[in-house]
Amino acid sequence: MTKSYEFNWQKHLPEFMQEGTSFDRFDEDPYIFEPNCRMKVDEYGFFITWKIEGKEGQVLECSLINSIRVGAIPKDPKILSSFEAVGKTEADLEGCIICICSGTDLVNLSFMFLVAENPDIKWIEGLRSVIHNFKANNVCPMTCLKKHWMRMCFLTNVNGKIPVRGITRTFASGKTEKGIFQALKDLGLPSGKNDEIEPPDFTFDIFYALTQKICPRTDIEELFKNINGNKTDYLTVDQLVSFLNENQRDPRLNEILFPFYDPKRAMQIIEKYERDEELKKKGRMSSDGFCRYLMSDENAPVFLDRLELYQEMDQPLAHYFISSSHNTYLTGRQFGGKSSVEMYRQVLLSGCRCVELDCWDGKGEDQEPIITHGKAMCTDILFKDVIQAIKETAFVTSDYPVILSFENHCRYTNRFYSCVCSHELKKKILIKNKRLKPEVEQRQLESLKKHMEAGETNTPAIIMGEEDDTENEEVDGDSQPESEVNSEDVDDDEADPSFLIEELGHDEVEDEGRDPAPRRSNKRSGRRCAADRATPHSKMHIPMFSSHPSCVSERNIYHNMSSFNESVGLGYLKTNAIEFVNYNKRQMSRIYPKGGRVDSSNYMPQIFWNAGCQMVSLNFQTPDLAMQLNQGKFEYNGSCGYLLKPDFMRRSDRTFDPFSETPVDGVIAATCSVQVFSGQFLSDKKIGTYVEVDMYGLPTDTIRKEFRTRMVMNNGLNPAYNEEPFVFRKVILPDLAVLRIAVYDDNNKLIGQRILPLDGLQAGYRHISLRNEGNKPLSLPTVFCQIILKTYVPDGFGAIVDALSDPKKFLTIAEKRADQMKALGIDTNDIADVPSGSSKNDKKGKGKGDTMKVSVTQQASSEMAQTSNSINNNTTETKRGENQLLPNVSIDDLKQMKTYLKLIKKQQKELNTLKKKHSKDQNAMQKAHCTQVDKMVSLHEKEKTTLEKLLEKDAQENVGKQCCQIQNPTISYREA
């Protein structure tokens, strides 16, 4: 960043956690019991560590921990007998068990249990403050290296030393063990396969030097040489300032809020990152200091202040995107799947603010309500357990309201409703449900008043009564949907600071994919909300996007909301896109997956965010691309689960078409370029890797599966891609667009990915730390790339924009010619101010006086000359038949134009590419010919040898025959 920004990602860690406490530790599956473990948390809050005498050190990464809570007494007799062996009964365990839940996603979880000597809430509170630290997921690559070094130091062997074998595993994907052993030897460390290293000898500086030896950053070295012209082994202050302003700063930023880098700021950077004291005194930076700077928090890919709660949080709910879950209770498939209370905990702790509860009657005598996917052969869980889980986790990671989306199929006595209340809604529960019958509303209002008269005005949840179960009921449109109430109807003191979202319309079974009709919701806060509830409401079907008198926009009914499955939502987008956006400016809408997604796959949420839909509900149990987009998007604004919609999606005086292909009024389109150079520590295996870069936003902004690097084989450690830039030339709506960078192996399996919203993306050379499928941070994998962000300029206007952005550059030629005339003794006052051209009007001078500097340049002479003509000849333009002024441009000027030089450069590049291709084809052809010739020669030799053998054989047979013939006459002669 241009200004120095202190990224305070560390949270205060109590001393007692760093010093450690003795616990008994056990796991249920598989069974493990370890008494008297000394549990510690490191000073940065990266790991929970423990070591038992005679065993290896163990760690649990805090970023993988999802929840901390008081654990229940184990029921396994084996575990209870283990505690009895150390003198602890079941009564001794009551309130002393800490349950630590961890996993790489929300479904595949592991549970570790710690048992303290006495009930102690301090460790639970301390651990919660560490694990729910979303800022720590965005630390820089240098901090990630330090984190990995700390892990290796904690994972000591039985002797308390660091095994060399553990170090070799870190670099095994790109180097042979022999090379790693040699690097350790060069640093003066034990280098045998079975050797051990004393922890004090293995400092972070030693580990960093080891990484630079085994995994040298040749990409940064090349960049360093380009900056200083490969003339020295250091950067001067001026060179550093030039690099920072030209490459690391977004040119679209305001110069006051984001000032240019100056020598003073450059010296601060040198002082902070340069390790050589001599160079530091001279104001110079070495390549090592430059590398450390590029790997620091100051070069994060996003503005780190966007991770704070930075948006206005006092707008109506309809003005926010809300992180939402569908069928929250399921851990897998929609049909025949398993329901789990734990899913509610995990989903809420991950930042989700809207969860779904499908309520049904239980099977026992009391028919206690359960949560399940009705008629889908899914397991069930108790409603009360779900409510308890929501109570415990709803406001742990975010204080902003949680919306409970009910689908109620219970009998009357089992129907539970609550009414609770945008900035005043902190730590409140909002209920979304179908409307009640008018008489039921009246009856329950009386119950509400009784609660208030009894002094229960602060209860966060009040039972509101029963739901109308008459399906598809409609009332005549003339009936009054809402009656105004005078202030005396409900006393001000009785107004409950609560909030109710009620739905009105056709009953629907969302699970079966039926098309829902629009519903209504009471969405008013404070006293007004209580007043609205004081009068019975009539049930009616309200058309959403029509000129019907009862249309919500015309009747000014702000408390309506609707739920659609994705197919119906897409239908509305197809036929009423602009009206849909306008509806979402005032009313709430919820989108959920269609019934055909029995595998719990997700639809792409971006299309509905483009329309301003607030609650785009997804299956959180499936960590697919859609969920990655959702989690990456809602990581901004303090991970509170609420994101303020862009201004034009909130204001009633603005019109927005989500399918627009032209820039939106008041929004400046952007051009984004991403050049991928290399990857670091992508895998611990020797595999091939490649990188994909995608953009998601408006349909015209979305580019998928088009930009990918080449495959680099057998190197998961530090592959070099060195690709040409991937250019997203026209991004109409940067506020809604996100960039996705994903790394895959040679089997097209995802290694890591990162979602980066364009709103807050930083330009320059950046290291992108990767996440896994479930958006959990990976410790070491990064991708090094250059991001260029510019204002979009249409074709043909580039030279004009360049002239406006840097006019001095475009005046240099005119000034140079004036100086040349001055050398000949010509006074500048004698030079007439004339437009460049060859018409007769040009011969008429405008007299002496101030000389106009004509922007006739080598790069854009024709465009700027025409602009000049339009300014200076307004009178001539009004005359019909007057010939337009054409600039007098020579061939030399044309050859110096930017477009011509660009074409020459492109032609030369294509020529070089053709030459390389020709050379490659020639070599391949030559190789093929040589191979063919070798085969022919070999075949010829083989045939020759065979023929020679046959000839020799025939010769021998002929000689034998001749000998026989010679012998036969001799015998005949003797016989005679």
Side-chain angles (χ1 to χ4, degrees), residues 317 320 322-330 339-360 369-374 380-410 414-422 425-436 444 459-467 496-504 508 510-511 519-523 525 529 533 559 561-563 588-592 614-620 640-642:
L317 275 182
Y320 294 90
I322 305 172
S323 180
S324 305
S325 166
H326 169 253
N327 286 358
T328 311
Y329 46 88
L330 290 177
S339 303
S340 170
V341 176
E342 190 63 36
M343 281 302 297
Y344 284 92
R345 299 179 186 273
Q346 301 306 318
V347 167
L348 288 169
L349 291 172
S350 70
C352 179
R353 295 289 88 188
C354 177
V355 294
E356 185 174 5
L357 299 90
D358 292 353
C359 304
W360 297 79
I370 59 174
I371 302 290
T372 188
H373 198 184
D380 55 72
I381 50 180
L382 290 177
F383 175 83
K384 65 179 182 181
D385 292 343
V386 171
I387 295 301
Q388 181 65 29
I390 293 173
K391 175 185 175 183
E392 294 173 0
T393 58
F395 305 108
V396 173
T397 59
S398 173
D399 289 342
Y400 289 90
V402 171
I403 300 172
L404 305 186
S405 177
F406 277 92
E407 184 181 321
N408 206 326
H409 304 274
C410 292
N414 274 344
R415 294 189 175 181
F416 291 81
Y417 289 87
S418 306
C419 42
V420 268
C421 199
S422 255
L425 288 172
K426 280 190 173 182
K427 297 193 175 181
K428 299 291 183 184
I429 303 293
L430 285 67
I431 305 299
K432 182 190 79 66
N433 211 312
K434 296 182 178 68
R435 287 294 307 276
L436 311 180
Q444 294 306 318
T459 54
I462 300 174
I463 299 176
M464 283 293 292
E466 303 172 351
E467 176 191 351
D496 176 44
S498 60
F499 198 86
L500 175 66
I501 302 178
E502 297 176 321
E503 294 181 316
L504 174 65
E508 114 200 46
E510 296 184 5
D511 319 319
R519 304 168 174 178
R520 300 180 61 189
S521 68
N522 188 342
K523 195 187 71 63
S525 59
C529 181
R533 290 196 300 272
H559 54 267
M561 78 158 293
S562 300
S563 288
M588 303 277 285
S589 65
R590 175 176 175 268
I591 309 295
Y592 58 92
Q614 295 86 0
M615 293 182 282
V616 183
S617 302
L618 299 175
N619 294 309
F620 270 58
C640 72
Y642 285 80

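One-based numbering along the sequence shown.
By the 30° and 60° cut-offs, the orientation of the rings of Y592 relative to H326 is parallel.
Distance check, rounded to the nearest 0.5 Å: OG1 of T372 to CH2 of W360 gives 8.5 Å. Going from atom CZ of F620 over to atom OG of S350 covers 5.0 Å, rounded to the nearest 0.5 Å. A distance of 11.5 Å separates OH in Y344 from CG in D385, rounded to the nearest 0.5 Å. Atoms CG and CG, on N327 and L618 in that order, are 12.0 Å from each other to the nearest 0.5 Å. The CG atom of D358 sits 8.0 Å away from the CG atom of L330 when rounded to the nearest 0.5 Å. For the atom pair CD1 (I371) and CZ (F383), the distance works out to 6.0 Å, reported to the nearest 0.5 Å.
Partners of K384 by side chain to side chain contact (heavy atoms under 4.5 Å, CB included), not counting sequence neighbours, listed by chain and number: E368, L382. Partners of S324 by side chain to side chain donor-acceptor pair (under 3.5 Å), not counting sequence neighbours: none found. T393 pairs by the side chain to side chain contact (heavy atoms under 4.5 Å, CB included) definition with R345, L348, L349, not counting sequence neighbours.
Looking at every heavy atom in both residues, M588 comes nearest to I403 through CE-CD1, 4.4 Å. In terms of heavy-atom proximity, Q614 sits nearest to L317 at CG-O, 4.1 Å. When all heavy atoms of T328 and M343 are compared, the closest pair comes out as O-CB, 3.2 Å. S325 approaches V347 most closely through the heavy-atom pair CB-CG1, 3.9 Å.
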Report task. Please step through side-chain contact (heavy atoms from CB on, under 4.5 Å) for the pair V402 and F395, ending with a clear verdict. Result -> CA-CA 8 Å; V402 171; F395 305 108; 4.0 Å; yes
Query - From CA spacing to verdict: side-chain contact (heavy atoms from CB on, under 4.5 Å), S562, R590 - result: CA-CA 6 Å; S562 300; R590 175 176 175 268; over 6 Å; no
Requested in this report: Starting from the C-alpha separation in whole Å, work towards a yes-or-no answer on side-chain contact (heavy atoms from CB on, under 4.5 Å) for S617 and E356.
Outcome: CA-CA 9 Å; S617 302; E356 185 174 5; over 6 Å; no
Report task. For the pair V386 and I381, evaluate side-chain contact (heavy atoms from CB on, under 4.5 Å) and give the outcome as yes or no after the intermediate values. Result -> CA-CA 8 Å; V386 171; I381 50 180; 3.5 Å; yes
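Taking the side chain as every heavy atom from C-beta outward, C359 and N408 approach each other to under 4.5 Å. Taking 4.5 Å as the limit, every side-chain heavy atom of M615 sits out of range of all side-chain heavy atoms of S589.
A donor-acceptor distance shorter than 3.5 angstrom exists from the side chain of R353 to the backbone of Y400, with no hydrogens or angles considered.
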